[in-house]
Every structure is written in structure tokens, then in C-alpha cells.
Amino acid sequence: MVSVKKALLTTLKIAGGLVILFIVLVIGAVGLINNSSIQDKILHYATEMLAEKLETKVEIDSIRIGFFRDDIRLFGLRVDDREERRMLELKTLSAEVEMFPLLFQQELILNEVTVRGLYAQLFKPSPEEPANFQFVIDAFKKKEGSGEKKETGEKKKKSKFKVDLKTVTIEDVKVTFNENQYSLGVLKYHQGWRGKQSGEIRRLETSWVRIKKKDSTHVDNHLVVDAITYEGTKDIHAITVDSIRLTTDNHLPHKRTGKPKRGWFDDGHLNVVACLKLNVHHADKDSICGTLVSCDVNDLASGFHITDVHGQFKHIDGKLHVSKMTVGMKNTTLNFDKGVVQLPSKKKGIPFTFSTSDITGTTLLTDISKPFAPVLVGFKQPLWLSTKFSGTDSNLVFRDVIVKTPDNSLRIKASGGIEGLKDKYKLNVHFNVEHMVTTPATVERIINQFPVKKFMMKQLNRLGIIRYTGSFNVVWKKEQFRGIIATRQGRLNFSFTLDENNKYLLGNIQTTDFELGQAMDYPDLGAITCRAGFRFDISKPRTAQMRRLKGGKLPIGQIDALVMKAKFKFATFSDIAAHIVSDGAVAEGKINMKGKLADILCSFSFTSTDEMQKTKIKPGIRFHLFEKKTDDDKAALKAQKKAEKEERKAQKKAEKEERKAQKKAEKEARKAEKAAKEAEKNNKQ
């Protein structure tokens, strides 16, 4: 898509060049003859000269030159392209021209120029094919050696023709560039005394269609700028942009349709309104620097609202340098001292990269709840954060991430990144948590800010200070967490996965000498060494149906555990297999401890994790010393051992795959971080 700026500037350059050339030709031919009939004859002659030079059809209805008023009026300019299509049309043009500098000093001074009704049809079918207006540019392009002649072996340069505009008014501009539409209501410019300048643009509007490469979806885009005002001196140029409105429509249902818990942000249904003020201190063809005074960006469709952006900027050699930047939302303020953005260039093969110094600030996650995470709507816990941010158009890297509450009851230090931003199926969020320290009260306070059912909160409070080290990955509809949790009751090595495809929470836990009895408020049970696997149903339709049938407040799922060592009252037990199944109302468990002479059996059930003392236990024993095993029993025992072996093998394989995936993700994160550091180093150079 060709930008609004390029399309309008191209049109104005072509129209302006043609008009200025024509005025010079006519005035030069007419001289001091102020007679309309003679002017019309010379107009006809000049029009033919212009058509001959352009090798296309050129028409001008009339022109009037008032030498006593220094006034020129042109009516009805029309220019066709080489395919005999109407390329340019200008209804009226009036200009106050100072004649003496024009005739004797090769200087065109236009005190006041007014243009009304400028229409253009511009085409450039492909990057390889020439544009339909290229012949106009070529016609007036200086040929090699033009404007020069040899004198005594040296080239003498021809003096340049100067153009000076004092006041310009352009109204009613409509441009079509390929299939894209552009229009301009009013453009005004005035050059005052002592270098003071002012200008304004009203009702700049464009529409275009963007086709997504991935699925060929057509997205209609509409951009309207209500007003741009300009005030300038030699030292500073102040620009104010009021009400930029961008709307998009992909003619598809909103991404939130049928998913009420999904965020409102959808790039196919945007309604963005923005305003900004900036001061430009220096600008030339190679660089520009200034200050962004304020910027407000609000997507009315999703509720994503950046209330303020301000800081300093400098663009030079394809790099945008920013400093002393502040980004604000309703309850969020982030600051960073320096940032560098390498703008992409296909011609030079330069990719898009960026990096920042330490970003610090405070936030409430409710600021992003409506557009991205409605579950955070009640999250009003203030957080302080700090990080270094870098990346490309497809990868992001976060280094030295620190998140904490104002009272330091929660402290997190981590690093990580996001890969595959261009394809949600390849999206991978990976973070390594170097350490996290918090209290049960803080965890409970955070949990209470989410609209979720709460289980085992009393057990949580018995854990004391909680320390965590580990990592987590988020891939397509799957979140994976692993690490070590250290508490007052012992350490837990865990790995679990939130499967959003099938709606299950599953994983495994290992521990050594964990005081399970103290944690569960079950005094008869002491320290335990075990490993366990679990699987819980998190599907709302399935669990809701089970709740209607059974009632209850327990999680729905099962746990299979192997207890290597456990203390119960005054006895110590080992090699105990446990199987627990919960239907939401009642959790039933079976324990089997095998011995040489007999197996100790135990079944139990409970209905609430907050009242474990009321657990119903049915002990039992099964002697098998003199039991005569049939062939079926032997086969069943063999099959059981084989199944247990296969299960252990599968578990080891799964753990190996998880470690492999973790190492791969960590390797990719380190690679991305290294690339970001290299980009940051290159940007600094």
C-alpha cells in the first residue's frame, strides 16, 4: 500500500510543476500585452507546446493575467496519461505573482496561491512496471549535460530558477492511487515575518484494502485526520494532530464471538482515535530530531487506552533514537532513559530490531483486562516492575525482569522471551524464574482477585514463606510449569501442564520428607517421601454436569502416587501405592502396601479438604503366604508388573521429553537474547 503522504505529495508535485511551468511559459510569451484575446491565442500556443513536450493530451479552458494587479487565474487544466486516461484535473488556480523578479531575476515569488478542485488518477501496477505519471517526471528531468556548456575546457553551471511561496491554500483534493482512495479538505500555509510560518490541514482521509498473506482475508481500512496545525520559527516547529481515527473491518465475526471470557482486542475490528503534539528542533533530508510533547491513543472498540507518551526522539541513518520516555495508562506509568529502533530496509537487507535501557514503573493489571485478559478485571494489586526490553518483529526478549509488590511481600526475578509472534500456532512464551519469594497471605490476596473457585486455602496458609525457582512455557493452547517450591513443611519438585485443548490439568510431583500431615492438618500423618501423578478436569461443561449430578466442592480428577516412605502415628511404612479418585462430591482412595506375608490394605474417603480429621478410614489386611496362585493369577500379576514397568518407562520418557523441550526452549531464549544483545550493540555503534 502506498502511503497517504506519498500519494498526495506525488500529486501535488506533478500538478505544481505543470502549473508553474505553464505560468512561466505564458507570462514569458505574453510579456506586457494585457489583452485577453491575445492571451487566449498565446494560451492555445503554450498548451500545444506543453502537450508536445509531454506527448499526451493537455487542455486548459482559460487563463487571465492582470499585470496591474499581478494576478493570474487559470481555469480547467486537464492532462491525460499515455493510455488516454484522465490523469490530472485542476478546476481553478489563482496566484498573485510579483512580475519584476519573474521577468528579470529568474525568481517566481507567489504572494498568494489558491487551488480548488485537484483530482488525480495515478497507477503503478507493480514495482517492475512504470507509473502512469512517470512520463511527466521524465519530461522535466534534466538530461545529462543540460544546463551546461563547455567554455575553454570548463563547464559553466546554469543559474537555478527560484520559487518562493508566501501563502498557499489548497481545497478539495481527491487522489486515486491504484485502488486506494485519498482526499484532502483544506491545506493552508503562510510564511510570515522573520521566518515565522504557520499552516493547517483539515479532513485528510483515505481508504485501502489489506490482504492478509496467511488466509487471504480482505481487511477494509479507513483513516481520517480531522486537523493538523503547524507553527514554526527557525528554532522550533510545533505540530499538533487532532483526532486521527483508524477503523478496520475484516467482515468476519469478532474473535470474541462465542468466547465471552476472551479479550475485546481484535485487529480486524479496530476503532482507534489518537491525538499528539510534537516539537521538531531540526530536520533535513538525512535526520530529524525533536520532542514528543504528548500522545493519546485509544481503541474505542477494545478499551485499550494509552493515555500519554512523551519524550525526545532523533532519527538518523535509519535508526530512531528515543530518550527520557514515559508511557502511561490509567493506572500505569513506565519510564526508560534510552531506546533504539532500527527501521527495516528491504533494499539494504536490514531487519527491524529494537532495544531499551531499564524500563521501570508501576502498574495495575486492570489496565489491560478488557482488551486482553478479562480475568484480570478485579486484579487491583499494585505492582512495581523493571526490565530491559529488546527484540525483532517476530521475537521479544526480556532481561533482568523484577516484579514486586509495594510492601515486598512478593518478589520475582526472571528472564525470558516470546518467539513466533507472526504465527499463533508457533507462539512460544518462555521464562526462567531465578527466584520468587512470597507469603501465603499475599498468594491468597492475589488469588482472591480472580473469579475462580478456591481450594485448600487453609493448607496454603500452613506452608509459611514460599520460595520458587523454575520455568514456564506457553505454547499453542498449552501452559507448562516446572520447578522447585520450598516451604516451611519441605520442598516440592513439580511439573504440570494446563491443557487448554482437552481441558485438563495434569502433571507430577516429587518430594522428600515433606510434612504432609502438618500441611493438611492431619496430626497422625508425618513426613512423607513420594512421587505422584495427577489429572484434574477443568472443562466447565463437563464439571458443571458432574456438579449437577453429584454436588460437592472438591476438584474432579485422580491422583496416583508411590510413597517410598511415610510416617503414620508411631509407625514407618514404605513402598505404598495410592490411588485417589474424586467425582467432585466425594474423594475415595485406596492404599496398598505389599509385604512378604501379607498386603496391608486401606480405603478412605473425604468430602472436604478443610476437614481432613473427619476422613473415613477402613483398614484391611490380605495374607498371601499360603495362597495358591492359579495360572490366571500369575498372568495377572505378570501383566500388572509389566504395566507398572511400562508406566514407569513412559513416565521417564515423558520427563526426558519435558527436560529436552525445556533445554531447547532455554537454548532458543539464550539465542534470541544473544541476537538482541548483538542488535543492541550494533545500534549503539
Could Asp226 and Arg203 be called an ion pair, given the rule that one side-chain N must be under 4.0 Å from one carboxylate O?
yes

May I ask you to decide whether Lys388 forms a salt bridge with Asp400, counting only side-chain N to carboxylate O separations under 4.0 Å?
yes

Taking it one step at a time, do Ser198 and His190 satisfy side chain to side chain donor-acceptor pair (under 3.5 Å)?
CA-CA 5 Å; Ser198 63; His190 176 69; 5.8 Å; no

Please confirm whether Arg86 makes a cation-pi placement over Tyr119, using NZ or CZ under 6.0 Å from the six-membered ring centre and within 45° of the ring normal.
no

Test side chain to side chain donor-acceptor pair (under 3.5 Å) on Asn250 and His269; report intermediate values, then the result.
CA-CA 7 Å; Asn250 61 7; His269 297 274; 3.0 Å; yes

Are any of the side-chain nitrogens in Asp172 or Arg116 under 4.0 Å away from the carboxylate oxygens of its partner?
no

What verdict does the ring-ring contact (aromatic ring centres under 6.0 Å, His included) test give for Phe398 and Phe431, after you've listed the backbone C-alpha separation in whole Å, the side-chain angles of each residue and the deciding distance to 0.1 Å?
CA-CA 9 Å; Phe398 301 85; Phe431 275 84; 5.8 Å; yes

Is the backbone N or O of Thr332 less than 3.5 Å from a side-chain atom of Asp367, with the two atoms forming a donor-acceptor pair by type?
yes

Show, in sequence, the C-alpha distance, side-chain angles and deciding distance for Ser409 and Asp407, and conclude whether the side chain to side chain donor-acceptor pair (under 3.5 Å) test is met.
CA-CA 5 Å; Ser409 60; Asp407 60 359; 2.8 Å; yes

Quick one, Ile239 with Val280, criterion side-chain contact (heavy atoms from CB on, under 4.5 Å). Give me CA distance, side-chain angles, the key distance, then yes/no.
CA-CA 8 Å; Ile239 300 171; Val280 177; 4.3 Å; yes

Worked check of side chain to side chain donor-acceptor pair (under 3.5 Å) between Glu231 and His237
CA-CA 6 Å; Glu231 297 287 339; His237 305 273; over 6 Å; no

Between His222 and Ser207, do the side chains contain an N or O donor and an N or O acceptor separated by less than 3.5 Å?
yes

Whether the side chain of Thr543 engages the backbone of Ser539 through a donor-acceptor N/O pair (distance < 3.5 Å, no angle test) should be reported.
yes

Take Phe123 and Phe133 through the test ring-ring contact (aromatic ring centres under 6.0 Å, His included) and record every step on the way to the result.
CA-CA 8 Å; Phe123 299 97; Phe133 54 84; 9.8 Å; no

Is the distance between the ring centroids of Tyr189 and Tyr230 under 6.0 Å?
no

When the aromatic ring centroids of Phe372 and Phe304 are compared, is their separation below 6.0 Å?
yes

Under the 3.5 angstrom rule, does the side chain of His305 hit a backbone N or O of Asp299 as a donor-acceptor pair?
no

Would you call Arg202 and Glu200 a salt bridge, taking side-chain N to carboxylate O under 4.0 Å as the test?
yes

Ignoring hydrogens and angles, tell me if any N or O in the side chain of Thr392 forms a donor-acceptor pair with the backbone of Ser394 under 3.5 Å.
yes

May I ask you to decide if Gly328's main-chain N or O and Thr333's side chain share a donor-acceptor pair within less than 3.5 Å?
no

